[in-house]
Amino acid sequence: MGPPTMTDYPIVNALGALDNPNAERSASAAGHLTQTSDQLTIDARTLADAHASGLTAVNITLGYTIGDQPPYEHTLHEIEVWNNLIAEHPDDLVKVLLADDIPAAKRDGRIGVIYGFQNAVAVGDDLARIDTFAKMGVRVIQLTYNQANHIGDGSMTPQNRGLTEFGHDVVRALNDARIMVDLSHSGERTCLDTIRVSREPVSINHTGCRALTDLPRNKTDEELRLVAESGGFVGIYFMPFLNPTGHARAADVVAHIEHAVNVCGEDHVGIGTDGPVTAIDDLDAYRGKLAEQVALRKSAGVGAAGERADTFPFVVDLRGTDQFFTLIRLLEQRGHSSDRIEKILGRNFIDYAARIWAN
């Protein structure tokens, strides 16, 4: 039996999207402060590209993250939207509730969809909502976005105050509900506090390494190491924050993955691209929409250091249907074993999920 081929790897995107950004509805939303699930385009190209990329499962962002919507009500609506989307495409999509659902999706030729939040503000002051979300299929909850909320401080909060008293209760309730506690976008003290408080391993599903690029959205070696020591998971994103110029390339993704492996060990590192599989076709036209969005995010106080109108929020030479296969080839060229590459591309996330989600 020979070495595994690229299509043998389970590919799990710990934070990504399913969307065709070239479709009219999605393209028009690109300049908005946020894109709601109603504005996504799950069309034939979206699904064909996801299959062609080798994607096995993806943790999508649904629910309230930022904006003027009522957090709890908007989140319930978004869950309903995604339930309907999956029901409309039963041959292509399946809702992931257990770790075993991910390899099952691969066997069945479907894409596993993991329900996740990028802000826990929809919990409000009612911890019972966490159990409600769990029963509705939510499997990942990120505590904060870039700004502070009533749970803790985000990465762009200068006070860096850590978890609030209520935040401690939220973490414990997430543990009880067997929901992943995601510390992406969190401030450093919030991250360290949560690692200490959580009874279960925690994750940072989409980040970079601050030792390589000193920006707030990236995590320090201490944070990375402690997440790994807890039995947790770290996903490296395909974002501009991987290079001090903001113009990140595939080589930067590889460098951050390698640094994370050196700090965390090869059993705790994966990928969380923070983007869709389908590439934007007309980058020149997109630049105008990007400038609008960056300005809106800055005005609303939700942007991150390193976001600029002249830096794409993705890695230009690591996008589209070849993005995962290109990454595999680059890792192979760097001398990484097929076993390690399989772990990074998806096996580590599946193993971490098995430690968290109830059977």
Side-chain angles (χ1 to χ4, degrees), residues 4 6 9-16 54-59 99 102-103 114 116 140 142 180-186 191-192 194-195 198 200-213 215 217-239 241-243 248-275 315 318 323-356:
M6 291 181 186
Y9 295 117
I11 298 175
V12 183
N13 192 348
L15 193 283
L55 182 67
T56 304
V58 55
N59 170 32
I102 299 175
I114 303 164
V140 182
Q142 183 178 294
M180 286 184 185
V181 178
D182 184 3
L183 296 168
S184 306
H185 288 265
S186 69
C191 182
L192 296 175
T194 303
I195 296 167
S198 180
E200 303 294 337
V202 298
S203 67
I204 309 172
N205 283 355
H206 61 299
T207 191
C209 305
R210 199 176 298 182
L212 300 187
T213 307
L215 287 171
R217 273 290 285 111
N218 296 331
K219 293 298 186 181
T220 64
D221 283 359
E222 181 184 18
E223 292 168 279
L224 299 173
R225 177 178 54 80
L226 290 174
V227 165
E229 288 180 358
S230 82
F233 171 86
V234 172
I236 299 300
Y237 47 30
F238 298 3
M239 291 290 282
F241 312 115
L242 299 182
N243 189 294
R249 295 293 183 267
D252 296 305
V253 176
V254 172
H256 282 255
I257 287 174
E258 291 180 337
H259 183 84
V261 168
N262 288 337
V263 173
C264 302
E266 67 175 31
D267 295 329
H268 300 280
V269 178
I271 54 172
T273 70
D274 205 3
V315 176
L318 203 61
Q323 59 186 270
F324 305 120
F325 298 144
T326 299
L327 179 60
I328 290 169
R329 285 193 294 269
L330 291 171
L331 290 170
E332 287 175 340
Q333 290 168 10
R334 294 281 297 170
H336 297 282
S337 68
S338 60
D339 184 59
R340 174 178 285 181
I341 294 171
E342 180 179 358
K343 290 179 180 181
I344 292 168
L345 266 292
R347 177 56 57 189
N348 283 342
F349 184 91
I350 296 170
D351 289 347
Y352 170 61
R355 294 193 286 273
I356 302 300

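Quick note: numbers below take in every heavy atom, side chains included, and nothing from hydrogens, waters or symmetry partners.
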Is there a donor-acceptor pair under 3.5 Å between the side chain of Arg355 and the backbone N or O of Gly231? yes
Run Ile257 and Leu327 through side chain to side chain contact (heavy atoms under 4.5 Å, CB included) and show every step you take. CA-CA 10 Å; Ile257 287 174; Leu327 179 60; 4.0 Å; yes
Considering all heavy atoms, the nearest Val253-Phe238 contact: CG1-CE1, 3.6 Å
Run the side-chain hydrogen bond (donor to acceptor under 3.5 Å, both in side chains) test against Asp182 and tell me which residues pass, sequence neighbours left out. Ser184
Please evaluate residues Met180 and Tyr352 with respect to the criterion side chain to side chain contact (heavy atoms under 4.5 Å, CB included), reporting the C-alpha separation (whole Å), side-chain torsions for both, the decisive distance (0.1 Å), and the verdict. CA-CA 9 Å; Met180 286 184 185; Tyr352 170 61; 3.5 Å; yes
So how far is it from Thr213 OG1 to Met239 CE, rounded to the nearest 0.5 Å? 13.0 Å
To check you understand the geometry: which heavy-atom pair defines the closest contact between Val234 and Leu224, and what is its length? CG1-CD2, 3.7 Å
Side chains of Val227 and Phe233: closer than 4.5 Å at any heavy-atom pair? no
Which value, rounded to the nearest 0.5 Å, describes the distance between Ser230 atom OG and Ile195 atom CD1? 6.5 Å
Does one side chain, of Thr273 or Asn13, offer a donor that lies under 3.5 Å from an acceptor on the other? yes
Verdict with reasoning, Leu345 to Thr56, per side chain to side chain contact (heavy atoms under 4.5 Å, CB included): CA-CA 10 Å; Leu345 266 292; Thr56 304; over 6 Å; no
Kindly say whether Asn348 contributes a backbone atom to a donor-acceptor pair with the side chain of Asp351 at under 3.5 angstrom? no
Do Glu222 and Leu192 come within less than 4.5 Å of each other through their side chains, counting heavy atoms only? yes
Working for side chain to side chain contact (heavy atoms under 4.5 Å, CB included), residues Glu332 and Ile341: CA-CA 8 Å; Glu332 287 175 340; Ile341 294 171; 3.5 Å; yes
Quick one: CG on Leu55 to CZ on Phe324, what's the gap to the nearest 0.5 Å? 5.0 Å
State whether the side chain of Asn205 and the backbone N or O of Gly235 hold a donor-acceptor pair below 3.5 Å, judged by distance alone. no
Of all heavy-atom pairs between Pro10 and Arg347, which one has the smallest distance, and what is that distance? CG-NH2, 4.1 Å
Where is the tightest heavy-atom contact between Ala99 and Ile350, given as atom of each residue plus distance? CB-O, 3.7 Å
Atom CD1 of Ile271 and atom CD1 of Ile344: how far apart are they, to the nearest 0.5 Å? 9.5 Å
Taken in chain and number order and not counting sequence neighbours, the residues that satisfy side-chain hydrogen bond (donor to acceptor under 3.5 Å, both in side chains) with His185 are Gln118, Asn146, His206, Arg217
Rounded distance [0.5 Å steps], NE2 in His259 versus CD1 in Ile236: 9.0 Å
Treating Asn59 as the side-chain partner and Ala14 as the backbone partner, does any N or O pair qualify as donor plus acceptor under 3.5 Å? yes
Arg334: partners by salt bridge (Lys or Arg N to Asp or Glu O under 4.0 Å), with sequence neighbours left out: Glu258
Show the nearest heavy-atom pair for residues Leu330 and Ala250, with the distance to one decimal. CD1-CB, 3.6 Å
Output for pair (His268 NE2, Ile204 CD1), nearest 0.5 Å, gives 12.5 Å
Thr220: side-chain hydrogen bond (donor to acceptor under 3.5 Å, both in side chains) partners, not counting sequence neighbours: Glu223
Glu266: what forms a salt bridge (Lys or Arg N to Asp or Glu O under 4.0 Å) with it, not counting sequence neighbours? Arg340, Lys343
Thr326 side-chain N/O to Gln323 backbone N/O, donor-acceptor pair under 3.5 Å: no
Measuring only between side-chain heavy atoms, which start at C-beta, is Val12 closer than 4.5 Å to Ile102? yes
Who pairs with Asp274 by side-chain hydrogen bond (donor to acceptor under 3.5 Å, both in side chains), at least two apart in sequence or on another chain? none
Judged by modelled atom types alone, do Ser337 and Asp339 share a side-chain donor-acceptor pair under 3.5 Å? no
Between Leu242 and Leu212, is any pair of side-chain heavy atoms under 4.5 Å apart? no
Any Ser338 side-chain heavy atom under 4.5 Å of Tyr9 side chain: yes
How far apart are the closest heavy atoms of Pro201 and Gly232, and which atoms are they? CB-N, 3.7 Å
Taking the side chain as every heavy atom from C-beta outward, state whether Lys219 and Ser186 have any pair of such atoms under 4.5 Å apart. yes
